[in-house]
Amino acid sequence: MNIVSEKKYSYLLMEEDNEWYLTYLTGGAFEVDICVKLNNEEINKLKETPEFVGNLVENFKTDSSLYEGRRIIPSVRPNRQRQRT
């Protein structure tokens with residue numbers, strides 16, 4: 001699982017085997033993480049304009065019907081191995 005981009009406490013954009021996933025935090029008093037498998041149109045837009053990820057997160061937060069049928073539960077996460085110090 002490759003991390004394409006991330007913003008702490010906001011979102012994580014990942015890619016694996018040509019499949020892209022966006023996991024974001026909803027914000028507010030009760031934080032929930034939502035993971036969406038992106039479609040080809042969204043992936044192409046992100047490849048052309050990487051900063052589009054912020055718009056995509058806000059659009060998903062505003063209208064959950066935009067990702068209807070594409071939510072991944074449990075959320076996809078990269079394997080991050082902790083380094084010992």
Side-chain angles (χ1 to χ4, degrees):
M1 175 89 36
N2 298 317
I3 297 173
V4 177
S5 70
E6 66 182 308
K7 183 177 179 182
K8 277 191 172 202
Y9 311 111
S10 181
Y11 70 84
L12 186 61
L13 181 61
M14 300 154 286
E15 180 271 331
E16 182 173 57
D17 298 328
N18 295 318
E19 301 288 343
W20 287 44
Y21 303 91
L22 176 62
T23 299
Y24 67 92
L25 297 173
T26 58
F30 183 70
E31 289 274 355
V32 175
D33 66 328
I34 306 242
C35 182
V36 178
K37 182 177 178 184
L38 301 182
N39 62 33
N40 287 334
E41 181 181 333
E42 293 159 343
I43 294 167
N44 289 334
K45 180 73 173 175
L46 287 166
K47 286 179 178 179
E48 293 171 10
T49 313
E51 55 275 0
F52 175 68
V53 68
N55 296 45
L56 196 54
V57 168
E58 290 307 314
N59 291 343
F60 285 166
K61 284 182 180 181
T62 303
D63 185 359
S64 63
S65 71
L66 294 173
Y67 60 81
E68 191 171 328
R70 299 188 287 145
R71 184 170 178 190
I72 307 295
I73 301 173
S75 293
V76 173
R77 299 190 186 279
N79 273 340
R80 294 187 181 185
Q81 295 189 2
R82 296 179 183 224
Q83 294 180 344
R84 294 183 185 206
T85 55

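As the structure is a computational prediction, the values presented were derived from the model and not from experiment.
- Taking all atoms of both residues into account, the shortest heavy-atom contact from Phe60 to Leu38 is CE1-CD2, 4.0 Å.
- Partner of Leu13 under the side-chain contact (heavy atoms from CB on, under 4.5 Å) criterion, chosen from Val4, Leu56, Thr23: Val4.
- Side-chain heavy atoms closer than 4.5 Å link hydrophobic residues (I, L, V, M, F, W, Y) into clusters, and following such links, even through other members, never connects Ile3 to Trp20.
- With sequence neighbours left out, the side-chain contact (heavy atoms from CB on, under 4.5 Å) criterion links Glu19 to Tyr21, Lys37.
- Remark: Leu46 CG to Glu51 CD distance equals 9.5 Å, nearest 0.5 Å.
- Side-chain heavy atoms closer than 4.5 Å link hydrophobic residues (I, L, V, M, F, W, Y) into clusters, and following such links, even through other members, never connects Val76 to Val53.
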- Message: Could you go through Glu15 and Lys47, starting from their C-alpha distance and side-chain angles, then the distance that decides it, and tell me whether this counts as salt bridge (charged side-chain N to carboxylate O under 4.0 Å, His left out)?
- Response: CA-CA 12 Å; Glu15 180 271 331; Lys47 286 179 178 179; over 6 Å; no

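- The shortest non-hydrogen separation linking Pro78 to Met14 is CD-SD, 3.5 Å.
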- Query: Run the side chain to side chain contact (heavy atoms under 4.5 Å, CB included) check on Tyr67 and Leu22 step by step: do they pass?
  - Reply: CA-CA 11 Å; Tyr67 60 81; Leu22 176 62; over 6 Å; no

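- The number of heavy-atom neighbours closer than 6.0 Å to CG of Asn18, taken from other residues, nucleotides and ligands shown, is 12 or below.
- Across every non-hydrogen atom of Asp33 and Ser75, the tightest pair is OD2-OG, 3.0 Å.
- With sequence neighbours left out, Glu16 forms a side chain to side chain donor-acceptor pair (under 3.5 Å) with no residue at all.
- In the hydrophobic clustering of this structure, Met1 groups with Ile72; members are Ile, Leu, Val, Met, Phe, Trp, Tyr whose side-chain heavy atoms approach within less than 4.5 Å, directly or through other members.
- Contact between Glu6 and Leu12 at its shortest, heavy atoms only, is CB-CD1, 3.5 Å.
- Annotation for Glu31: atom CD counts as buried by contact number, over 12 foreign heavy atoms lying within 6.0 Å.
- Of the possible polar contacts, none joining the Glu58 side chain to the Asn55 backbone as a donor-acceptor pair under 3.5 Å is found.
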